[in-house]
Amino acid sequence: MKKETRAVILAAGKGTRMVSEKPKVLHEIFSKPLLGWVVEAIQRLSTETQCIVVIGHGAESVDAYLNKNYKYVITTLQKEQLGTGHAVAQAVPLLSDFKGNVIITCGDTPLISTKTLKNLVKYHEDNNVDLTVLTAEMENPTGYGRIIRNIKDEVVKIVEEKDASDDQREINEVNAGVYCLNWVKLKKAFGDLENNNAQGEYYLTDIVKWARFNSYRVFGYKIKDNFEIFGINSRQNLAKAMEIMKNKHMDSLMTKGVTIVDPLTTYISPETQIGADTIIFPNTYIEGKNKIAKNCKIGPMARLRGGCDVGEGCKIGNFVELKNAKIAKNSNVCHLTYVGDAQIGSNVNVGAGTIFANYDSITKKKQKSIVRDGASIGSNSVIIAPVEIKEDAYVAALTGVAKNVESSSLVLSRSPQKEIKNWVKTKKENNK
Ligand code: UD1
Ligand code: CA
């Protein structure tokens with residue numbers, strides 16, 4: 001990208017069809033709000049790409065989410081939702097001196113890729129365009145604005161479905177709702193928009209007509225993968241977007257040599273990398289950023305919650321939950337176990353039913369445990385953080401480990417087994 005690029009994300013709409021108290025853009029896929037996926041797609045263009053998010057419905061919570069998570073994002077309030085053009089107008093004062101490209105996109109299209117945005121900007125710059133509209137060829141264009149071209153194949157305007165004639169509705173090329181603008185030239189458009197249309201709204205799409213009228217160059221750039229512009233309006237759409245997102249990622253993992261036994265019941269977030277010859281068994285749910293090395297076996301019914309780094313040749317079995325767990329190679333955590341905020345060495349065996357108690361409910365803080373190479377933890381033990389179990393140590397089954405364990409020691413904390421002979425008989429006799 002030759003020029004500096006900034007982005008405006010429209011996120012003030014209510015999302016009535018979600019039937020929710022939560023603003024639409026805060027609904028989540030793999031525990032990340034829709035808006036987060038969009039912001040991150042933009043920030044991958046360059047970490048310093050400044051985003052301006054137009055907020056309205058649920059402004060306070062959207063603002064709080066962005067503040068907490070993203071450094072280069074600022075927000076601007078659209079008090080009344082008078083249309084997409086009016087929404088962008090709220091960002092104009094924040095960009096008054098800006099001289100580069102502005103990307104405009106929506107906060108409810110979480111599948112948009114950085115690659116597409118990059119291609120859009122590249123196309124815009126290479127062809128010296130003033131306004132590039134991302135378009136898509138849709139089998140069923142219902143609901144979208146239609147792209148109207150003249151006989152020279154130039155984009156002359158966008159007509160919203162509600163304003164379209166029967167002939168225009170037959171057009172399959174639609175407006176994806178993503179644009180790249182030469183800001184110096186186009187910023188004046190927002191003062192000139194009118195709302196004399198079927199919805200009585202200030203349409204962003206009218207900047208096409210405005211740019212043509214002012215003899216600026218307007219081009220359409222057609223997207224290859226239509227699913228990227230899939231917008232979320234309902235819970236059904238939310239489920240569909242999750243399905244598209246996970247399937248696309250799992251498909252690429254399989255191409256890279258990962259076995260996914262049953263893609264239908266497996267969920268792997270696109271932020272998780274997995275090495276070749278690892279097998280993911282059914283009903284496994286992996287979200288957040290994780291790294292799983294090659295030759296591992298994960299699941300069935302395993303859950304990774306992010307921040308995990310699983311080394312080569314590890315086995316993570318059924319009903320095992322991992323969170324912020326760094327596990328070196330050839331270690332086994334095979335059954336019914338919770339590992340949270342822990343570092344586990346290589347060749348470690350974690351017995352069935354082990355719990356890493358990482359939460360200090362007094363300080364309300366998470367504590368970390370360390371298990372060194374070659375250690376073995378017996379079944380049903382509780383590792384009470386912060387604690388360190390050193391190399392080759394043994395933790396006997398049913399032990400609560402609250403103090404560090406030296407290398408090669410055996411540690412056990414259970415009370416000795418006591419047996420009372422004929423207890424049942426005696427009891428019954430006494431009760432007669
Ligand atoms: C818009 C486009 C349409 C395109 C479609 C692609 C217009 C007029 N139409 O239609 O051509 O095919 O997107 O998905 O732009 N928003 C605000 N403030 C407002 C109104 C909307 O922030 O006052 C936000 C919404 O929260 C949403 C986005 O803008 O994120 C799009 O608005 P929406 O009403 O969904 O537009 P569409 O009718 O889908
Ligand atoms: Ca609308």
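Start at 1 and go down the list; that is how both ligands and their atoms are numbered.
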Reference residue D130; test salt bridge (Lys or Arg N to Asp or Glu O under 4.0 Å); the match among R212, K185, K187: K185
Atom indices of ligand 1, in the order listed, that fall short of 4.0 Å to a heavy atom of C106: 28 (C), 30 (O), 31 (C)
All pairs passing salt bridge (Lys or Arg N to Asp or Glu O under 4.0 Å) where residues 214-232 contributes a residue, at least two apart: E137-K222
Atoms in ligand 1 with a heavy atom of L10 nearer than 4.0 Å: 22 (O), 24 (C), 29 (O), 30 (O)
For G145, the ligand 1 atoms whose distance to one of its heavy atoms is below 4.0 Å: 3 (C), 4 (C), 11 (O), 12 (O)
Shortest heavy-atom approach to atom 20 (C) of ligand 1 - which of G83, A87, G13: G83
Contacting atoms of ligand 1, where contact means under 4.0 angstrom from a heavy atom of L82: 23 (O)
Aromatic W37 / basic K32 pairing, under 6.0 angstrom, 45° off normal: yes
Sequence-distant partners of Y221, ring pair (Phe, Tyr, Trp, His ring centres under 6.0 Å), two or more places apart: Y123
Check: H249/S269 side-chain N/O donor and acceptor closer than 3.5 Å: no
For atom 14 (O) of ligand 1, the option (of A176, G143, G56) bearing the nearest heavy atom: A176
Audit row: D163, N197, side chain to side chain donor-acceptor pair (under 3.5 Å) steps and yes/no: CA-CA 7 Å; D163 301 291; N197 51 53; 5.4 Å; no
Options I9, V178, V159, N175, ranked by nearest heavy atom to atom 6 (C) of ligand 1, top entry: N175
Distance filter under 4.0 Å to T84 heavy atoms, resulting ligand 1 atoms: 7 (C), 8 (C), 15 (O), 20 (C), 21 (C), 29 (O), 31 (C), 32 (O)
Modelled atom types, side-chain donor and acceptor of E40 and Y70, under 3.5 Å: yes
Nearest option to atom 17 (C) of ligand 1, as decided by whichever heavy atom of Q81, E201, Q78 sits closest: Q78
Where ligand 1 meets D108 - atom numbers and elements under 4.0 angstrom, heavy-atom basis: 30 (O)
Under 3.5 Å donor-acceptor, D360 side chain and K364 backbone: no
Nitrogen or oxygen of Y203 less than 3.5 angstrom from that of ligand 1: no
Pair E125, N101: side-chain N/O donor-acceptor within cut-off below 3.5 Å: yes
Options R146, E160, H86, ranked by nearest heavy atom to atom 11 (O) of ligand 1, top entry: E160
Nitrogen or oxygen of G177 less than 3.5 angstrom from that of ligand 1: no
Residue T205 vicinity, atoms of ligand 1 by number, heavy atom under 4.0 Å: 7 (C), 8 (C), 9 (N), 11 (O), 15 (O)
